[in-house]
Amino acid sequence: MRRLGSIVVAALAVLAVVSPAAAQNRYSFIDAAKSPLNFSRATLKPQLACPDLRSLTAGSVSILAVEIVAAAEGVPEHCRVTGSIAPQIHFEVNLPAAWNRRFYMSGNGGFAGETSDSPPRAVVRAAALRHGFVTATTNTGHDATKEPLASFALDPQKVTDYAFRAVHLTAMTAKGIAARYYDRPVAYAYWDGCSTGGRQALISAQRFPGDFDGIIAGAPVLNFVDTTVAGLWNAAALAEAPLTLDTVKLVADVVYAKCAGADGVIDDPRRCPFDPTRDIPTCAGVVAGPGCVTEPQARALKKIYGGVIRDGKPYFPGQPLGAEKAGTSAFGEPRSSSGWDRWLIGRDGGKSLQLAYSESFMRYMAFGKPDPSYDWKTFDFEKDPDRMSDIRRVLNAVDPDLTAFRNRGGKLLMYFGWADTALTPFMAIDYYEKALARNGPDTRDFFRLFMVPGMFHCRGGIGTDRFDAMTTLINWVEGGTTPDSIPAARVEQDQVKRTRPLCPYPRVARYKGSGSIDDAASFACADP
């Protein structure tokens, strides 16, 4: 029994660390050479010896180790600093031998707790260092291999650290270390995150508007609390009528036949008039068969697409159409898979990721007093959402007032895949529209949202998921070039199969009427 328990803990640890981290978009800086700013030119040299940074231990900050990392594989020599901020926040700062005076901090995934070398952190760090950036990361105050998923929330301090404190203090500490090392302050600070990293991005803009000059918020789980409510809603629907990936393929065939454009992509699922109870053939009996679904399965699909209902009214949006189709895996797996795979439909009879994250949240964070034995099936969709007001105030990033961030000249670029199954993209559109109403018509001068047709969670899918939002952001912050589009590509087996412009919401890429549908030059951003 003890060995079985250790196996379960190990499996949860892998789920907690690998799955969300692997979903991060990894294409920052791929267009750096095309930037007119030449921001990769790094000339500033250190004014201290790397070992001398150990003396910066003071107050709540402890420098645990420093080392000089030799140049290798295009990554320049750099000084790696690991440290802690009391009580248990761990951070890493990397300082290149030649600095471009820019600071780059990348975000976390899921419930965080990653080490500095967890994938894809090493890849992201190397890319930034190659272009002369000082880099930083944090584990947000806990170790996911020891406290998987939300179990770290048994310690209330770790909840605050995870929610916002760790990122803010790490950013301040890392910039201070850089200023001492080079004897010059950071000129520009940038944040790059997806999923939980996207939520951290918005928290930074809302709570700490002075931390970053430019912020990328990819697929932000900005309404974290109600996202978990939706996860239980979907799990309950599927518990009543389980679906298989074969069933989802049937749904994909019907949806794409009905709503895909000539290029085979659904560019706005809201315009697709699909109803699973009407448009999918219903099996004559109670057992699903080839080419049909049972009536309970059709109702389950309708619940998932329709979203959470409370008191007979829509409460939280559901899953948009388009993720059913198999595409490039968001988890970096070589085989193609449906966007529903793992997130909505667990593998080998196991829990879906939506359920695993939502269940853990309810057990350890939702109601103030952790209950590791909490049964998610007892969740009351009418009453329980109102019991989570305390954690909403700490964890959610839904405040649309970005006045302070705008006034200091900050720029915010948000992107979201239309075929995301980890998080509903509808909440990003809702936030953007509320921010537009709150901050006025000039909101687009500092905040833009880019929806990505066909993209899964942070990357993957059948859309053009390879794009460099970071270079676009730097050109905006430092060069004043407002992004009216972002060049994107779909790459398969190292071959570019399609290029397409991503357009600032609500604009969409429209075919000009001639040229290849796989060539960005054949498209232009237009009003819907």
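Every value quoted in this text rests on a predicted model; they were computed, and no experiment measured them. Just so you know, these numbers use all the heavy atoms, side chains as well, and skip hydrogens, waters and symmetry mates.
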*Asks:* For Tyr431 and Asn223, does a side-chain donor sit closer than 3.5 Å to a side-chain acceptor?
*Replies:*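 The criterion, which ignores hydrogens and geometry beyond distance, is not satisfied for Asn223 and Tyr431.
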*Asks:* Please identify each residue that fulfils ring-ring contact (aromatic ring centres under 6.0 Å, His included) with Tyr364, with sequence neighbours left out.
*Replies:*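 Expected list: none.
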*Asks:* Partners of Ser514 by side chain to side chain donor-acceptor pair (under 3.5 Å), sequence neighbours excluded?
*Replies:*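 By the side chain to side chain donor-acceptor pair (under 3.5 Å) rule, Ser514 matches no residue at all.
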*Asks:* Looking at Lys158 and Asp161, does any basic side-chain N land under 4.0 Å from a carboxylate oxygen?
*Replies:*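 Looking at Asp161 together with Lys158, the answer is no, because their closest N to O distance does not fall below 4.0 Å.
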*Asks:* Determine which pairs satisfy salt bridge (Lys or Arg N to Asp or Glu O under 4.0 Å) with at least one residue from residues 353-380, sequence neighbours left out, and list them in order.
*Replies:*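 Sorted pair list: Lys351-Glu359, Glu359-Arg363.
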*Asks:* Filter on disulfide (SG to SG under 2.5 Å), then keep only pairs touching residues 482-528, sequence neighbours left out; what's left?
*Replies:*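 Counting only pairs at least two positions apart or across chains, the disulfide (SG to SG under 2.5 Å) contacts touching residues 482-528 are Cys503-Cys525.
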*Asks:* Between Asp390 and Arg393, does at least one N-O distance fall below 4.0 Å, as a salt bridge requires?
*Replies:*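 Yes, Asp390 and Arg393 are salt-bridged.
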*Asks:* Once ring-ring contact (aromatic ring centres under 6.0 Å, His included) is applied, do any residues pair with Phe467, and if so which ones, sequence neighbours excluded?
*Replies:*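 By the ring-ring contact (aromatic ring centres under 6.0 Å, His included) rule, Phe467 matches Tyr415.
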*Asks:* Kindly state whether the ring of Phe224 and the ring of Phe111 have centres lying under 6.0 angstrom apart.
*Replies:*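 They qualify: ring centres under 6.0 Å apart.
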*Asks:* With a 3.5 Å cut-off and no angle check, do the side chains of Asp275 and Thr277 form a donor-acceptor pair?
*Replies:*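 Note: Asp275 and Thr277 side chains meet the donor-acceptor criterion.
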*Asks:* Quick one: are the ring centres of Phe152 and Tyr162 less than 6.0 Å apart?
*Replies:*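 Ring-ring flag for Phe152/Tyr162: true, centres closer than 6.0 Å.
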*Asks:* So, using side chain to side chain donor-acceptor pair (under 3.5 Å) as the criterion, who are the partners of Tyr256 when residues are at least two apart?
*Replies:*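 With neighbours one apart ignored, the set is empty.
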*Asks:* Side-chain donor-acceptor contacts of residues 283-299 below 3.5 Å, not counting sequence neighbours, with atom names and distances?
*Replies:*
from	atom 1	to	atom 2	distance (Å)
Thr294	OG1	Gln297	N	3.2
Gln297	OE1	Thr294	N	3.0
Gln297	NE2	Pro242	O	3.0

*Asks:* Show every salt bridge (Lys or Arg N to Asp or Glu O under 4.0 Å) that has at least one partner inside residues 519-528, sequence neighbours left out.
*Replies:*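 Sorted pair list: Arg507-Asp527.
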*Asks:* Looking at residues at least two apart in the chain, or sitting in another chain, which of them share a ring-ring contact (aromatic ring centres under 6.0 Å, His included) with Phe523?
*Replies:*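 ring-ring contact (aromatic ring centres under 6.0 Å, His included) check on Phe523 returns Tyr511.
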*Asks:* In plain terms, say whether Asp341 and Arg347 are close enough for a salt bridge, that is, a side-chain N and a carboxylate O under 4.0 Å apart.
*Replies:*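 Yes, this pair counts.
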*Asks:* Any disulfide (SG to SG under 2.5 Å) pairs touching residues 359-401, not counting sequence neighbours?
*Replies:*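 Output for this query is empty, none listed.
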*Asks:* Taking side chain to side chain donor-acceptor pair (under 3.5 Å) as the definition, give me every residue that meets it alongside Arg207, ordered by chain and number, with sequence neighbours left out.
*Replies:*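 Result, side chain to side chain donor-acceptor pair (under 3.5 Å) vs Arg207: none returned.
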*Asks:* Applying side chain to side chain donor-acceptor pair (under 3.5 Å), can you list everything that pairs with Ser516, at least two apart in sequence or on another chain?
*Replies:*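 Once residues adjacent in sequence are excluded, Ser516 has no partner under the side chain to side chain donor-acceptor pair (under 3.5 Å) criterion.
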